Trainee: 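One structure follows; several queries about it will come next.
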Amino acid sequence: IDVAVVHPASDAEVIVSGAIARVIQGESARDNGFLMRFDDLSRERKKALVHFINTGEPPLMAPTAVDESVTAQLAALAAQNPESLPHQLDYGWSLITDDESPVDAIEPFLSALTIDPGDVEVHLGLSLAYALAGDLAKAYAFARSSRQLAETDAGPARGDG
């Protein structure tokens, strides 16, 4: 089965493949469904999905992992500017593209959330960071809130904070 993941801001989509692992028969038709198991994603595919979530652009030109020295510079800037939304976001995204520490991205995105709780990019970043950490309930909640913010146009443009 292929699932189309649609970006809330751009309506671009990415296809993720998987297989039905179990059919669920509920007490009513509304409760019926299935459990889907997604294929293991390659490192390149994960980077492509990060690019898609970050930009809304199809992942044809996905970023490569950020160099450690760049991540260190972004960490220093975020620490020096704790009230700067762009600095917290840049640091968070650099950690997500790092195969060794994507879970560490939760902290800068949470800092960004305290700066601007209505920023769509913050919610997208938290969604992906929590997904990479394995906390799918929080990942889903932030994906849903990012879509709601995008639909109501409540999220300010990046860099306004």
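The basis for the numbers below is simple: all heavy atoms, side chains too, and nothing from hydrogens, waters or symmetry mates. Computed from a predicted model, the values in this text were never measured in an experiment.
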Trainee: What pair of heavy atoms forms the shortest contact from Ala139 to Ser127, and how long is it?
Mentor: O-OG, 2.9 Å
Trainee: First locate atom CD of Glu107, then atom CG of Leu95, and finally report the distance between them rounded to the nearest 0.5 Å.
Mentor: 9.5 Å
Trainee: Looking only at heavy atoms, which two atoms of Val122 and Ala112 are closest? And how far apart?
Mentor: CG2-CB, 3.7 Å
Trainee: Check whether any side-chain heavy atom of Asp104 lies under 4.5 Å from a side-chain heavy atom of Tyr91, and answer yes or no.
Mentor: no
Trainee: Give me the atom names and distance for the closest heavy-atom approach of Val103 to Ala133.
Mentor: CG2-CA, 3.6 Å
Trainee: Which pair of heavy atoms, one from Phe109 and one from Ile96, lies closest together, and at what distance?
Mentor: CE1-CD1, 3.6 Å
Trainee: What distance separates Ile115 CD1 from Leu110 CG, expressed to the nearest 0.5 Å?
Mentor: 11.0 Å
Trainee: Could you give the distance from OG1 (Thr152) to CZ (Arg147), rounded to the nearest 0.5 Å?
Mentor: 12.0 Å
Trainee: Identify the two heavy atoms, one from Ala79 and one from Pro82, that lie closest to each other, and give their separation to 0.1 Å.
Mentor: O-CD, 3.5 Å
Trainee: Nearest 0.5 Å, what's the CG-CG distance between Asp119 and Leu124?
Mentor: 9.0 Å
Trainee: Any side-chain to backbone donor/acceptor pair from Gln88 onto Glu83? Under 3.5 Å, distance only.
Mentor: no
Trainee: Can you tell me how far the OG atom of Ser111 sits from the CD1 atom of Ile106, to the nearest 0.5 Å?
Mentor: 12.0 Å
Trainee: Quick one: CG on Asp90 to CD on Gln73, what's the gap to the nearest 0.5 Å?
Mentor: 12.0 Å
Trainee: Look at the aromatic rings of Phe142 and His123 and report parallel, tilted or perpendicular, splitting at 30° and 60°.
Mentor: tilted
Trainee: Of all heavy-atom pairs between Gly92 and Ala105, which one has the smallest distance, and what is that distance?
Mentor: O-CB, 3.4 Å
